[in-house]
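Input: a single structure, listed below in structure tokens.
Remember, it's a predicted structure, so these values are computed and weren't measured experimentally. Read the numbers this way: they start at 1 and go in the same order the structure lists the ligands and their atoms.
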Amino acid sequence: MAHIMSKPAWAISENQATPQSTFLNRRQLIRNWGYAGLGLAAAVAMRPDRAFAAADRQEDATADLYPAPANPAYVLDRELTPENINSTYNNFYEFGSHKQIWKAAQTLQTSPWDIQIDGMVERPFTIAFDDLVRKLPLEERLYRHRCVEAWSMTIPWTGFSLASLVALAKPLSSAKFVRFETFLDPQVATGQKQNWYPWPYVEGVTIEEAANDLGFMVTGAYGHSLDKQFGAPLRLALPWKYGFKSIKSIRRISFTDTRPVSFWESVGPGEYGFWANVNPGVPHPRWSQKQERVLHSGLYVPTQIFNGYSEQVAHLYKDMQGEKLYT
Ligand code: MTE
């Protein structure tokens, strides 16, 4: 148990962690890639889990909301990662400590799904996801995602800003942090039977971070509602932070004056902290963060400070020299 606590399995080197099947040669990639060049239908059609997802979506009460209009402020300098690669290479420890959890994750019942909003708010409430998703206008944003393990992807998320959710929750002025919690159901998510992990998965941000427009509550990807392996029905995307901050399958959102201790921070406090802002100049204790392997090309590219989002977020941290901002 002790060594597991200090070294989560997802922290092993990428050579070990990445199966050959996730590498496509470039020609094949260009031939397969439909989202930007050939249109959405082509991208969806090449998914290996198409049968699962299509069956699910027929019962999806939110299907009419997709695709949502694209927000032109969020575009990319790289190609999108094809959907079949993204949706079959995931970190979701509730379903296993490896990347091939997409099949196991289909057991998660994501409808009905209630979300509790509580703590330091004017009035705590519980809301059905299907109602919440119709309260706030959906949009599509093209985001980068940089995992602490030094791989990256690019993805068309659909959702609403975290800031708009905070406004809906009406926090009190005493609230300093937002704490997010995933479901807890070891019968369905068998990874949660591993009782040396501090389930349920928890993450947190400051109120100032939550008010920044870049924080995104994700309800869909690739032009349709979110597949389970991505953290359906509602997950977070904080693209300037390492991927573990982007908590999946959120059940509870609490406003608090106490800094939340996140899942990986309690597992390995020397290696994973509260802030976890991307910085190529600050190595992880066991590997460099200078470069990242782009999931769909296999190519290594330089990592950028705040994952390329400095303009939007660097000001949030300018008076925090004493904090471990990049762990
Ligand atoms: N959320 C929950 N509930 N459980 C997890 O194991 N893994 C995190 C994050 N959110 C995780 C989670 C990590 S380490 C990463 S890199 C991203 O989800 C992966 O997101 P993806 O599978 O959509 O690429």
### Task
Give the single entry among His145, Glu203, Lys248 that approaches atom 22 (O) of ligand 1 most closely by any heavy atom.
Lys248
### Message
Which of the numbered atoms in ligand 1 are under 4.0 angstrom from any heavy atom belonging to Cys147?
### Response
16 (S)
### Query
Distance only, no hydrogens: is a donor on one side chain within 3.5 Å (strictly under) of an acceptor on the other, for Asp227 and Ser87?
no
### Task
Work out which heavy atom in Asn86 is nearest to a heavy atom in Phe230; give both atom names and the distance.
O-CE2, 3.6 Å
### Task
Any atoms of ligand 1 less than 4.0 Å from a non-hydrogen atom of Gly243? List them with their elements.
8 (C), 9 (C), 13 (C), 15 (C), 16 (S), 17 (C), 18 (O)
#### Entry: Minimal non-hydrogen separation, Tyr143 against Asp213, with atom names
OH-O, 4.3 Å
### Query
So which of Gln229, Gln192, Arg235 gets nearest to atom 23 (O) of ligand 1, if we judge by its closest heavy atom?
Arg235
### Message
Tell me if the aromatic rings of Trp151 and Tyr89 count as close, with their centers under 6.0 Å from one another.
### Response
yes
### Task
Output yes when the distance from some N or O of ligand 1 to some N or O of Glu94 is under 3.5 Å, and no in every other case.
yes
### Task
Would you kindly specify which portion of Thr182 sits under 4.0 Å from ligand 1, judged on non-hydrogen atoms: side chain, backbone, both or neither?
side chain
### Task
Could you tell me the separation between the CG atom of Leu132 and the CG atom of Leu168, rounded to the nearest 0.5 Å?
6.5 Å
### Aromatic ring proximity Trp199/Phe263, centre distance under 6.0 Å
yes
### Message
Quick test of your reading of the structure: of Tyr201, Phe92, Trp157, whose heavy atom lies closest to atom 12 (C) of ligand 1?
### Response
Tyr201
### Query
Which heavy-atom pair separates Pro302 from Glu292 by the least distance, and what is that distance?
O-OE1, 4.1 Å
### Query
Between CG of Leu108 and NZ of Lys248, what distance do you get to the nearest 0.5 Å?
11.0 Å
### Query
Touching ligand 1 at all, Ser246? Heavy atoms, strictly under 4.0 Å?
yes
### Task
Look only at interatomic distance and state if Asn90 has a nitrogen or oxygen under 3.5 Å from any nitrogen or oxygen of ligand 1.
yes
### Message
Would you say the rings of Tyr74 and Phe216 are close, in the sense that their centroids are separated by under 6.0 Å?
### Response
no
## Note on the structure
In ligand 1, the atoms that come under 4.0 Å of a heavy atom of Phe230 are 23 (O)
### Message
Any heavy atom of Met153 closer to ligand 1 than 4.0 angstrom?
### Response
yes
### Query
Quick one: does Lys245 get a heavy atom under 4.0 Å from ligand 1?
no
### Task
Pick one of side chain, backbone, both or neither for how Phe244 approaches ligand 1, counting any non-hydrogen atom pair under 4.0 Å.
both
